Protein chains: 2
Amino acid sequence: MAGIDEVAQRAGVSTATVSRALSGRGYVSDATRERVQGAASELGYVVSSTASGLASGRTRNIGVVVPLLSHWYFSSVVEGAETALLRRGYDTTLYNLTGGDAERRSVFTQFLLRKRVDAVIAINLELTVDEVRALHDLNKPLVGIGGPIPDVPTLALDDLEVARLATSHLTGLGHRRIGHIGGEREFDVDFHLPTTRRQGYEAALVDAGIPVEGSLLQPADFTMNGGYIAAKQLLGSPRDRPTGIFAASDDMAIGAILAARDLGLVVPRDVSIVGVDDNQLAPFFNLTTIAQFPRNQGEMAVNLLLAELGEETTKPSDLSLPFELVVRGSTARPQE
Amino acid sequence: MAGIDEVAQRAGVSTATVSRALSGRGYVSDATRERVQGAASELGYVVSSTASGLASGRTRNIGVVVPLLSHWYFSSVVEGAETALLRRGYDTTLYNLTGGDAERRSVFTQFLLRKRVDAVIAINLELTVDEVRALHDLNKPLVGIGGPIPDVPTLALDDLEVARLATSHLTGLGHRRIGHIGGEREFDVDFHLPTTRRQGYEAALVDAGIPVEGSLLQPADFTMNGGYIAAKQLLGSPRDRPTGIFAASDDMAIGAILAARDLGLVVPRDVSIVGVDDNQLAPFFNLTTIAQFPRNQGEMAVNLLLAELGEETTKPSDLSLPFELVVRGSTARPQE
DNA sequence: GTGAAAGCGCTAACAA
DNA sequence: TTGTTAGCGCTTTCAC
């Protein structure tokens, strides 16, 4: 494969000029630049990332670390980040931490330190002080999604407000007995998302002057099956059955819809159900939900990171992630 | 950060010996190796991948190319591949082709050619001759999943047999009127998977002496909603309604289950339904299905690829991917 | 605006 | 088994 000297020769310039022309760093006249670009493309020349990386210290590669990939949310965030990076000429190197502690340690003490990446995006990961320091010592910027991480700029959803909005949608419709699915202590990893959403639910009840009742809280594991089981519990007894349910994820909300059907209840006539995510199944189940936008989140993280790397980019001014109530057919006024 | 000379100095050897001790290439006495490894870990030394890559021509990084990431199947395959690679000390660089033609071209003419990766895994991608040649010219091995690609070893599911097995399960139970959801011409990309599965369905019918009926074929787009609509069509008319349905994916099969319920039919009493995939929702819906194992597929591809790169590994002897009938509660004998 | 030349931090002949 | 040394293919300083 053609090297930089062949391009230089063909364009009648030095290798230094080729480098400048192709990377956009330093002064090159327009005429020369075009000549070089022409020569490069005729030869099918592509800069060697290893040589360029060694000489410059920049790899044009970003590490993306996820706790899990085979889940709608994470794969969508990664997809959004990868697309944004590719557009800017960056590669995306993926680290999936599903393998457990030893794997996580090796990623943070070996893989991320071998200078393959210029910077790191950490998705829904509570990084330790040591993990952050190791990266900062190497001068690798770090951006988080799903925060907060000390000393790391982090994009985060305001889960309290998300839950409050979802629940207020129900109180606004006139519901007074509202159940909540989520918030199991056991699953309270990841920045206490389940707990925070439960608190948002409670805040909305308080806002509406409704007392919080322990019996209306059903812990679940954020799966459809978990939501199904929890909803059966909530909806099973005919007396003082809730007329509305706020589930902390769409999967659980859909499980709740299916549980309601199995109990002979009609949604939303007998019970209104609202979720969080707006995942790919939500439209099919006609689910009212609080949408979040994972692809866009990945892209925002990229913009934030590239700004730290000194690239020209539209740095997000606000680190709070957007969300939005999407009203579909699973919620309505309660029956008289 | 510590460099190789510091390690060499601390261990009292030359940099060449450090390189050999840490990479495992070339002779080093056990005593020396341990001394070097000790020095390296005390200093927190990690080999620079750019320097090592430039000098050796090996990057210890594999490119994984997918048409789409935010789907259970693809994210699971990538997860399996990434885990297997990480275990072997390799990084995984991800290329998602969702962006369209221009993006695909840039990936194959720029990104993959900049020598960031040693080899490439292509998932469910019909590569062009040019794309394959560009990689082979650079001496980058290539392995496919979901094959066949000319000149490229490819792991593939025998879709004809998968569909035949699913359908035979129904004929074996005594079903004679069996509908099929899938096989829309429009979606017949990706190595004709939909068409092949339809042919397997037809083959099983022929095996059982059952004539193929056009009215029992319902095209759909492999989504839950598509399966729902198709099943409504198939099950809507009470006379000569099929007693069994083979859907070419679990998502469609689940859509069919929900359609049956909405029509007042009980699964499997009134209609048996079988899918393909064994995805994360299948157990919840108690769906009988043909399981495939995407994580394992990613791992197999890695083993195949590492063998081509000359690494010690258990090279898969058989390029056909395993599948398996999983009988759950959505299939039963037809009613008398 | 462009060229000459000195590295970037390793690996791999080759020699010992 | 280990050390010496010449690159790997670029980028960047400095001089012009």
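None of these values were measured; they are calculated from a predicted model. Per chain, numbering begins at 1; letters A, B, ... match sequence-line order.
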Donor-acceptor contact present, side-chain A:Arg104 to main-chain A:Pro67, <3.5 Å: no

Under 4.0 angstrom between B:Tyr27 side-chain N/O and D:dG3 OP1 or OP2: no

side-chain N/O B:Thr17 vs D:dT2 OP1/OP2, d < 4.0 Å: no

Heavy-atom pair of closest approach, residues B:Lys315 and B:Leu304: CE-CD1, 3.9 Å

Distance-only donor-acceptor test, A:Arg33 side-chain atoms vs C:dG1 base atoms, 3.5 Å: no

Residues B:Asp91 and A:Arg116 bridged, charged N to O under 4.0 Å: yes

C:dG9 OP1/OP2 closer than 4.0 Å to side-chain N/O of B:Ser48: no

Sugar-phosphate only, base, or nothing, as touched by A:Thr32 at under 4.0 Å among non-hydrogen atoms: sugar-phosphate

Sugar-phosphate only, base, or nothing, as touched by B:Arg58 at under 4.0 Å among non-hydrogen atoms: sugar-phosphate

Distance test, side-chain N/O of B:Ser19 to OP1/OP2 of C:dA12, below 4.0 Å: no

Touch class at under 4.0 angstrom, heavy-atom based, for B:Val18 against every strand present: nothing

Under 4.0 angstrom between A:Ser52 side-chain N/O and D:dC10 OP1 or OP2: no

